Amino acid sequence: MDSTALRVVPLGGLGEIGKNMTALRQASGMILIDAGLSFPDEEMPGIDLVLPDFTYVREHASELRGVFLTHGHEDHVGALPYLLREFPEVPVYGTRLTLELVRPKLREFGIKNAELREVRPGERVDTAGYTLEFIHVNHSIPDAVAIAAHTAAGLVVFSGDYKIDLTPIEGGTTDLSRLAALGSQGVLAYFGDSTNSERPGYVPSERVVSNALRDIFDEAPGRIIVASFASHLHRIGQVVEAAKLHDRLIAVTGRSMVRNVQIARDLGYLNIPASMMVEQHEINNIPDRDLVILTTGSQGEPLSALSRIANETHKTIRVRQDDTVIIAAHPIPGNERKVSRVINDLMKRGADVHYSPLKPVHVSGHAAQEEQKIMLSLLKPRYLVPVHGEYRHLRHHFNTAVSMGFPTERIFLLENGSQLEFRAGEARRLQNVPAGMFLIDGASFGDTASDVVVRERQQLSADGMFVVVARINAQSGELLGAPDVISRGFVYMRDADGLLQEAIEVVSSTLQETARHHITDWGELKNSIRRDLSRFLADRTGKRPIILPLIVEV
């Protein structure tokens with residue numbers, strides 16, 4: 001590469017929500033901004049997690065010099081254990097809370113010697129020809145930063161996830177003065193959060209939620225159950241403060257919630273006296289009017305604590321008539337149906353459920369349009385690259401910039417795998433690189449599933465399976481008796497005698513034909529059965545079940 005050039009390659013987070021990871025590469029080396037994951041949608045049966053494709057990182061592994069984290073949410077740090085399992089020597093930079101949230105994830109993977117380097121907002125780090133500066137921003141978790149990267153080609157700024165909250169509940173306001181100073185120096189390119197770009201105006205302050213919580217606490221006759229992201233420590237802190245005002249104790253359920261609350265208490269981000277804490281096994285011994293339960297499950301995850309409470313499979317907690325449930329998060333796109341199902345189940349069991357937008361129990365941690373305008377006005381970048389969002393979010397960010405007079409030819413709407421090269425103050429797109437997804441199927445240590453496996457699962461769920469058992473002469477390939485057929489998820493056997501008998505005749509005809517040609521190879525026999533039977537079933541039913549031929553040689 002030219003020593004004055006910089007290539008920026010988004011490997012996740014564009015055209016989707018989550019899975020954020022971006023590579024910066026110049027002659028002196030490569031660094032990564034974030035390493036996040038996303039969660040599967042309903043079209044990914046059996047998949048637990050979705051990671052960025054690491055192919056580009058592997059191809060340039062010898063150049064990798066560091067991973068820089070903007071904050072501790074899963075969509076920005078969740079893929080880190082999988083990344084460090086392949087590249088264990090790479091240092092990871094992040095703020096104090098971010099790294100403390102990462103440590104237990106690494107321990108679960110047996111990664112004990114990761115090089116985690118703490119940084120503070122306002123500090124700079126020099127590595128491999130880059131100077132990285134960390135700038136405090138408001139978000140829904142403490143210790144969030146934007147990253148300004150001084151590179152061989154010029155200054156590029158990554159907003160991370162941010163909002164402009166002038167009355168934050170913790171940590172001070174977004175460092176607008178430093179952002180303005182960077183803009184005065186000259187910003188070559190700005191990679192800006194687009195998640196909330198459809199929303200006009202400003203995102204309300206986090207303090208709005210505090211008022212709503214206190215009103216609900218005032219009226220709640222029994223227990224209060226609050227579901228939130230386990231990493232949304234600002235929201236958890238507001239619940240704690242409301243509990244203090246109403247003389248309630250705090251119980252915590254859900255593995256990640258228990259872990260994160262303990263970390264935040266140890267670091268001083270949550271002020272919960274030991275006298276307020278209730279162990280899970282003591283929950284049912286506390287008067288309902290005196291208890292608040294913090295739990296996971298705000299996204300309707302089937303195995304989360306709130307989902308298990310809603311369907312009465314939780315080992316400790318059962319919904320009671322006077323329970324008040326607060327879902328203090330907004331559904332991530334794709335999770336709406338799951339969240340709705342949990343709300344319905346809770347209400348059927350008598351709970352009073354409060355959720356956004358019916359009650360202001362959640363405000364976004366992502367900038368709306370007027371806040372995006374402020375960032376663009378302060379940074380004055382030569383180029384804008386909307387990131388973090390589906391295409392519609394990127395496009396709305398594009399439109400907001402154009403409304404301010406930003407030239408359209410200097411806005412790049414990229415996709416995962418796009419290569420954007422900066423050289424001599426100009427930008428151009430290069431050929432795309434591999435940037436798909438890596439599917440985690442199984443234990444947290446990461447069995448992988450290919451796209452083929454997922455497609456087969458989708459086909460099974462849509463059209464079912466058809467099993468054929470045929471006995472043949474090992475020497476001649478002749479069929480010995482009528483084949484057996486078994487249908488699962490395709491047709492109801494009792495109502496499909498005619499269809500199944502015809503299917504048997506199709507298979508018999510196929511094997512008689514192969515016997516005439518003295519075909520005894522199992523692979524060829526199975527392919528012939530699949531071909532003829534698939535054509536027959538598609539013609540008769542319009543469906544294409546997975547066909548599993550079993551050949552028994554006699």
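This is a predicted model, so every value here is computed, not measured. Sequential numbering from 1 along the given sequence is applied to the chain's residues.
- Applying the salt bridge (charged side-chain N to carboxylate O under 4.0 Å, His left out) definition to pairs two or more places apart or across chains, those involving residues 128-151 are R124-E133, E133-R178.
- Looking at K19 and D75, their side chains never come closer than 4.5 Å, going by heavy atoms from C-beta outward.
- Taking L64 as the reference, M30, L32, V57, F87, V90 meet the side chain to side chain contact (heavy atoms under 4.5 Å, CB included) condition, with sequence neighbours excluded.
- Side-chain contact check for L414 versus L420: some heavy-atom pair is nearer than 4.5 Å.
- A search for side chain to side chain contact (heavy atoms under 4.5 Å, CB included) contacts involving D34 returns L69, T70, H76, not counting sequence neighbours.
- Under a 3.5 Å cut-off, the side chain of E100 and the backbone N or O of L267 do not form any donor-acceptor pair.
- Remark: F68 engages Y93 in a ring pair (Phe, Tyr, Trp, His ring centres under 6.0 Å) (not counting sequence neighbours).
- Evaluation of the side-chain hydrogen bond (donor to acceptor under 3.5 Å, both in side chains) test over residues 300-309, restricted to residues two or more places apart or in two chains, returns S304-S307.
- When all heavy atoms are compared, the tightest approach of L101 to G72 is CD1-O, 4.0 Å.
- A search for side-chain hydrogen bond (donor to acceptor under 3.5 Å, both in side chains) contacts involving R58 returns E86, not counting sequence neighbours.
- Of all heavy-atom pairs between P360 and A212, the closest is O-CB, 3.3 Å.
- Salt bridge status for E312 with R349: present, with a side-chain N to carboxylate O gap under 4.0 Å.
- No donor-acceptor pair closer than 3.5 Å links the side chain of E370 to the backbone N or O of Y202.
- With rounding to the nearest 0.5 Å, the separation of CD in Q369 from CZ in R199 is 10.5 Å.
- The shortest distance between side-chain heavy atoms of H393 and N196 does not fall below 4.5 Å.
- Distance alone, capped at 3.5 Å, is enough to place a donor-acceptor pair between the N260 side chain and the A230 backbone.
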Practice task
Apply the test salt bridge (charged side-chain N to carboxylate O under 4.0 Å, His left out) to residues E89 and R65: give CA-CA distance (whole Å), side-chain angles for both, the deciding distance (0.1 Å), then the verdict.
Solution key: CA-CA 9 Å; E89 305 300 323; R65 300 291 182 264; over 6 Å; no
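- For S140, the side chain to side chain contact (heavy atoms under 4.5 Å, CB included) partners at least two apart in sequence or on another chain are H73, H232.
- Between the CZ atom in R429 and the CD atom in Q419 there is a gap of 10.0 Å [rounded to 0.5 Å].
- Proximity of P545 to L537: side-chain heavy atoms (C-beta onward) are separated by under 4.5 Å at one or more points.
- Side-chain contact between Y190 and M375 is present, with at least one heavy-atom pair separated by less than 4.5 Å.
- Remark: Y130 engages no residue in a side-chain hydrogen bond (donor to acceptor under 3.5 Å, both in side chains) (not counting sequence neighbours).
- Between H330 atom NE2 and H362 atom NE2 the span is 7.0 Å, to the nearest 0.5 Å.
- The main-chain N or O of H396 is found under 3.5 Å from a side-chain atom of T400 such that the two form a donor-acceptor pair.
- Between K105 and E74, at least one side-chain nitrogen of the basic residue sits less than 4.0 Å from a carboxylate oxygen of the acidic one, meeting the salt-bridge criterion.
- The two residues R235 and A328 have their closest heavy-atom pair at NH1-O, 2.8 Å.
- No side-chain donor from either of R120 and T95 sits under 3.5 Å from a side-chain acceptor of the other.
- Counting all heavy atoms, side chain and backbone alike, D193 lies closest to G160 at CB-O, 3.3 Å.
- Between I164 atom CD1 and I374 atom CD1 the span is 4.0 Å, to the nearest 0.5 Å.
- Closest approach of V203 to K163, counting heavy atoms only: CG1-NZ, 3.6 Å.
- Side chains of I411 and F406 form a contact here, defined as non-hydrogen atoms less than 4.5 Å apart.
- Side-chain N or O atoms of S298 include none that pairs as donor or acceptor with a backbone N or O of I327 at under 3.5 Å.
- Contact detail for L413 and P386: the closest heavy-atom pair is CD2-CG, 3.9 Å.
- Scanning for side-chain hydrogen bond (donor to acceptor under 3.5 Å, both in side chains) contacts around H314 gives T253, with sequence neighbours left out.
- Residues F398 and T408 form a side-chain contact, since some pair of their non-hydrogen atoms from C-beta on lies under 4.5 Å apart.
- For the side chain to side chain contact (heavy atoms under 4.5 Å, CB included) test, residues two or more places apart in sequence or in another chain that qualify with A251 are V278, I283, L291, I293.
- Look at R96 and E118 and you find no salt bridge, because none of the NZ, NE, NH1 or NH2 atoms lies under 4.0 Å from a carboxylate O.
- The distance from atom CE of M347 to atom CG of D345, rounded to the nearest 0.5 Å, is 11.5 Å.
- Contacts of R265 classified as side-chain hydrogen bond (donor to acceptor under 3.5 Å, both in side chains), with partners at least two apart in sequence or in another chain: none.
- Using a 4.5 Å heavy-atom cutoff, the side chains of V50 and L37 are not in contact.
- Enclosure of atom CG in D266 by more than 12 non-hydrogen atoms of other residues, nucleotides or ligands within 6.0 angstrom is indicated.
- Looking at T174, its side chain does come within 3.5 Å of a backbone N or O of N138 through a donor-acceptor pair.
- E371 contributes no side-chain N or O that, together with a main-chain N or O of D165, makes up a donor-acceptor pair within less than 3.5 Å.
- With Y162 contributing its side chain and H139 its backbone, the two residues share no donor-acceptor pair below 3.5 Å.
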Handout entry: Candidate pair N344 and R341, rule side-chain hydrogen bond (donor to acceptor under 3.5 Å, both in side chains), full reasoning
Key = CA-CA 5 Å; N344 288 332; R341 187 180 304 121; over 6 Å; no
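- R259 has a carboxylate O that lies under 4.0 Å from a charged side-chain N of E108, or vice versa, which qualifies the two as a salt bridge.
- The line from OG1 of T151 to CZ of F422 is 8.5 Å long, rounded to the nearest 0.5 Å.
- For NE2 of H150, the number of neighbouring non-hydrogen atoms (other residues, nucleotides, ligands) closer than 6.0 Å is greater than 12.
- Applying the ring pair (Phe, Tyr, Trp, His ring centres under 6.0 Å) test to F229 and every residue at least two apart in sequence or in another chain returns nothing.
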Exercise for the section: Check the pair V145, F158 against side-chain contact (heavy atoms from CB on, under 4.5 Å), reporting the backbone distance first and the verdict last. Expected result: CA-CA 9 Å; V145 292; F158 295 82; over 6 Å; no
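- Cation-pi geometry between R107 and F109 is not met at under 6.0 angstrom from the ring centre and within 45 degrees of the axis.
- V77 pairs in a side-chain contact (heavy atoms from CB on, under 4.5 Å) with only one of the listed residues (V102, N20, V92), which is V102.
- Judged by distance alone, the side chain of S197 and the main-chain N or O of S194 form a donor-acceptor pair under 3.5 Å.
- A distance-only check finds a donor-acceptor pair linking the side chain of N416 to the backbone of L14 [under 3.5 Å].
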